[in-house]
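Atom set for the values below is all heavy atoms of this structure, side chains included, hydrogens, waters and symmetry mates excluded. Every chain is numbered from 1 and lettered A, B, ... according to where its sequence line falls, protein lines coming before strand lines.
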Protein chains: 2
Amino acid sequence: MNDIANKSLSNSQRALQELRRMIFAGELAGGTDHLESELAERLGMSRTPIREAALTLENQGLLELRPRKGVRILPVSAADMREIYEVLTALESQAAEQAALMGYDEEALRHLAQAIGDMDLAIESEDLEAWAEADNRFHAELVRLGNNNRVNAIFNMMNDQVRRARMTTLFIRPVPTKSNADHRAVYDAIRQGDDDTARRRHREHRQHAKEILIGLLEKHRLNHL
Amino acid sequence: MNDIANKSLSNSQRALQELRRMIFAGELAGGTDHLESELAERLGMSRTPIREAALTLENQGLLELRPRKGVRILPVSAADMREIYEVLTALESQAAEQAALMGYDEEALRHLAQAIGDMDLAIESEDLEAWAEADNRFHAELVRLGNNNRVNAIFNMMNDQVRRARMTTLFIRPVPTKSNADHRAVYDAIRQGDDDTARRRHREHRQHAKEILIGLLEKHRLNHL
DNA sequence: GCATTCATTAATGCATACGCAAATAAATGC
DNA sequence: GCATTTATTTGCGTATGCATTAATGAATGC
């Protein structure tokens, strides 16, 4: 984010966040190969911290270490997106259910309500980027309320990969005017402690989103992003 | 497994599988700290491959790298087990649903049926270890049939941690005579392509297992394993 | 002209070395 | 005797160098 914050980070950590950034920014495009030494030079450090960062990113499914071919930035295919959405559907539904069981009061659900409100505004002003940001905020907050660190961690990993695809798909997708009805229904169910409805409603919401996305990807022949 | 196979592995890979084994065998107990250099010496290699393996294991949630304190083997608490079971419940249910949608024939479900049969036999002969092995085989096969690499990968990670707890809990838990009825119901639903039933039934099965386990852990004050 | 073998190149996997910062012990002041 | 400062130790983060081994190109045989 800023240089001062970076000063306190180790080189491994800087490498990690820089490589992530480069991947998401498309500077390291999906499907391309890069030598460790090349990346090391580019980030102004030795191969050691680069390797450590690459190891981590490999575990997170963003790239692959292929001996003598360099690190390969993994492309995200339509099939990958299906897998990712299935994981997200399963885990977020679980989070919605758990959130409903937690008995949160209105104050605790403030961020969730805020995100829904922001999406309304974004749709009115037809600001797709603002909508995507608020939508993501809603889902992240929902998962947080689910009160399960592991679900949270996996969500973040998968979400990273979705973000890569979203850049592309956001602008070819229909304005999601309907989806906020789902969000509200999930919110209400959580507020009322109705875990069954929360889970089921969110599940349908995500499943629907998946079908739209996969449909778009296939229609536009976007097989790797 | 054997020396010959190990010869062809890199030191990093050997370190990875050795450290895993030591953790699961209890040689590196939960909550204990170990210096990188100590582990390096113990495995007869330098710190570099040890660090790489430790990085991976940290990502997988088995240990934690704490500067100057060594790698800390993470204990698995009752709260952790709750989290893990929630993830497994969500993902396996998704896998059951997807498996039902795949339209597998009897042959494709052979391993699943085999595992169920083995559990029957194990219960008859009261062989808890054999039962646990077959049970695990059933769940792993179910996930495989779910046809989602990411679900598979996460399942394996979570399952690793469950295995650590199972060593302890297996012998204080009641003989699971009833659970095979669930397994059969899930099998039938998949065989008949009834995705809704497969998902719901498996979800209930897992949820039940979770409640039993958590109950046991709390009753026996097993807060960290 | 094509396949096969050999030589060359180059990138990795790993060992090693070292500076730095944190933790611990020692010493000093009060 | 306690607190605070200073010295010492120790483990980690990272750079560097080298042996290994795969990939590439050259050369030889057919």
Is the B:H205-B:H202 ring centre distance short of 6.0 angstrom?
-> yes
Judged by modelled atom types alone, do A:S77 and A:D80 share a side-chain donor-acceptor pair under 3.5 Å?
-> yes
Is the number of heavy atoms from other residues, nucleotides or ligands under 6.0 Å of B:Q207 CD greater than 12?
-> yes
Could you state the atom-to-atom distance from CG of B:L43 to P of C:dA15 in whole Å?
-> 11 Å
Axial cation check for A:F24 ring with A:R164, 6.0 Å and 45° limits | no
Pairs: protein N or O with nucleotides 8-14 of chain D N or O, under 3.5 Å:
{"unit_1": "D:dG11", "atom_1": "N2", "unit_2": "B:R68", "atom_2": "NH1", "d": "2.9"}
{"unit_1": "D:dG11", "atom_1": "N2", "unit_2": "B:R68", "atom_2": "NH2", "d": "2.5"}
{"unit_1": "D:dG11", "atom_1": "N3", "unit_2": "B:R68", "atom_2": "NH1", "d": "2.8"}
{"unit_1": "D:dG13", "atom_1": "OP2", "unit_2": "B:R51", "atom_2": "NH1", "d": "2.2"}
{"unit_1": "D:dG13", "atom_1": "OP2", "unit_2": "B:R51", "atom_2": "NH2", "d": "2.9"}
{"unit_1": "D:dG13", "atom_1": "N7", "unit_2": "B:R47", "atom_2": "NH2", "d": "3.0"}
{"unit_1": "D:dG13", "atom_1": "O6", "unit_2": "B:R47", "atom_2": "NH1", "d": "3.1"}
{"unit_1": "D:dT14", "atom_1": "OP1", "unit_2": "A:N11", "atom_2": "N", "d": "2.3"}
{"unit_1": "D:dT14", "atom_1": "OP2", "unit_2": "A:S12", "atom_2": "N", "d": "3.3"}
{"unit_1": "D:dT14", "atom_1": "OP2", "unit_2": "A:S12", "atom_2": "OG", "d": "2.8"}

Let me know the distance between CG of A:L55 and P of C:dC14, rounded to the nearest Å.
-> 11 Å
Only one of A:L145, A:L142, A:L101 passes side-chain contact (heavy atoms from CB on, under 4.5 Å) with A:I190; say which it is.
-> A:L142
